[in-house]
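Lettering follows sequence order; numbering is per chain, from 1.
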2 protein chains.
Amino acid sequence: MRISSRGEYGVRAMFDLAQRYGEGPIPLKLIAERQEISEHYLEQLMGALRKAELVVSVRGAQGGYELSRPPASITLGDVIRALEGPVLTVHGTEGEKEVEIPADAVERLILADVWKRLAERVNEALDSVTLADLCDEAARRRARDDSFMYHI
Amino acid sequence: MRISSRGEYGVRAMFDLAQRYGEGPIPLKLIAERQEISEHYLEQLMGALRKAELVVSVRGAQGGYELSRPPASITLGDVIRALEGPVLTVHGTEGEKEVEIPADAVERLILADVWKRLAERVNEALDSVTLADLCDEAARRRARDDSFMYHI
DNA sequence: CGAAATCTCGATTGATTTACTCGGGATTCG
DNA sequence: CGAATCCCGAGTAAATCAATCGAGATTTCG
């Protein structure tokens, strides 16, 4: 149950974009350099984020990517689900259609319910952090570090 | 971010054992049959659960496995962590030792904190369900189904 | 005692997923 | 036009997953 590099890199890239929200499109190359992610690999991730409508792209020279909406309205859950698919899926529970008749129906049904509830809790946790939260925290820490510098 | 078959099968097997807690050792073969899991594969999982001290084994004829402690004191988190390793790990955060100097230290530190908090929330969710909870719910549903039968 | 029932352990294997890399095409700005 | 971009699909090496297999060690029962 780990977050793959897609999720990790995706969040880093989105954090990067969030801090530049409103400055127009940011070329992928810059994000890749700052976040130390392979350009080609990041392209794939941005493609998925664009399909999920979390970013919009501008093609051609001076193009790039920007968030499709304010950082406060994009959660880590949005980013992670876009890149890694639905969270905490269990094979016996994933699809919408019912699986084959189980040996002990009661047990299987209980577990299906439990997995579902747990997945909801995980999604709630992931959705409780927005890109704006990350930006605010970054601003706070940078301010603190700066004032610390002046006191030397 | 899915639960692998190890986690899913492991929970099924532990649920099975929990419902027979106090009846002495249950042979793996029976669990495998009831839960429709390959015997050899389940052996591996039981080995991990034994090393995590969630079950104890009794060797020889009439042997088998039983829970090492009451169902109310074993959580789904215990089972899943024993079988799948620590939950919601992120490569850049997993080890205890610090990774190489990041490009933007503030960003990386914030994300490390966030991943850690999220992992805690996921663990809390997984630990909020015990094997006894599953058994209680099974008993409740079976009772309801039975009384339904009598009314036909 | 000996045979059957069990757990124990490590090796191997095929399929899938992950984490990339590569190459070329389409679009837009200057 | 040509450079800077995004766009897209194919390919690949390594890791992980989900088993499978085979050979032992231990214990009960007849």
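- Residue B:L83 comes nearest to B:G10 through the heavy atom pair CD1-CA, 3.5 Å, listed as atom of the first residue, atom of the second, then distance.
- Taking every heavy atom of residues 20-31 of chain B and every atom of DNA chain C, pairs under 4.0 Å involve B:I26, B:P27, B:L28, by number.
- Atom CG of B:L42 is separated from atom C1' of C:dC7 by 12 Å (rounded to the nearest Å).
- Taking 4.5 Å as the limit, every side-chain heavy atom of A:C135 sits out of range of all side-chain heavy atoms of A:Y21.
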Expected rows: protein N/O vs nucleotides 17-27 of chain C N/O, under 3.5 Å:
{"unit_1": "C:dA19", "atom_1": "OP2", "unit_2": "A:S5", "atom_2": "N", "d": "3.1"}
{"unit_1": "C:dA19", "atom_1": "OP2", "unit_2": "A:S5", "atom_2": "OG", "d": "3.0"}
{"unit_1": "C:dA19", "atom_1": "O5'", "unit_2": "A:S5", "atom_2": "OG", "d": "3.2"}
{"unit_1": "C:dC20", "atom_1": "OP2", "unit_2": "A:Y9", "atom_2": "OH", "d": "2.9"}
{"unit_1": "C:dC20", "atom_1": "N4", "unit_2": "A:Q44", "atom_2": "NE2", "d": "3.0"}
{"unit_1": "C:dT21", "atom_1": "OP2", "unit_2": "A:S38", "atom_2": "OG", "d": "2.7"}
{"unit_1": "C:dT21", "atom_1": "O4", "unit_2": "A:Q44", "atom_2": "NE2", "d": "2.7"}
{"unit_1": "C:dC22", "atom_1": "N4", "unit_2": "A:H40", "atom_2": "ND1", "d": "3.1"}
{"unit_1": "C:dA26", "atom_1": "N3", "unit_2": "A:R59", "atom_2": "NH2", "d": "3.3"}

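- Straight-line distance from the CG atom of B:L45 to the C1' atom of C:dG10: 16 Å, rounded to whole Å.
- Within the nucleic acid shown, A:G47 has no heavy atom closer than 4.0 Å to any nucleic acid atom.
- Salt bridge present: A:E137 and A:R140 bring a charged side-chain N and a carboxylate O closer than 4.0 Å.
- Taking the 5' to 3' direction, DNA chain D first and last meets chain B under 4.0 angstrom from a heavy atom at D:dA18 to D:dC29.
- One hydrophobic cluster, built from ILVMFWY side chains closer than 4.5 Å, holds both A:M14 and A:L30.
- None of A:R69, A:R50, A:E66 except one satisfies the side chain to side chain contact (heavy atoms under 4.5 Å, CB included) rule with A:V55; the exception is A:R50.
- B:D133 places a side-chain N or O within donor-acceptor distance of the main-chain N or O of B:T130, the cut-off being under 3.5 Å.
- We find that A:D104 and B:R12 are not joined by a salt bridge, their nearest charged nitrogen and carboxylate oxygen being 4.0 Å or further apart.
- Side-chain atoms of A:R20 come within 3.5 Å of backbone N or O of A:D16 as a donor-acceptor pair.
- Linking ILVMFWY side-chain heavy atoms closer than 4.5 Å, directly or via other members, places A:V58 and A:Y65 in two distinct hydrophobic clusters.
- For the atom pair CD of A:E107 and CD of B:Q19, the computed distance is 4.5 Å after rounding to the nearest 0.5 Å.
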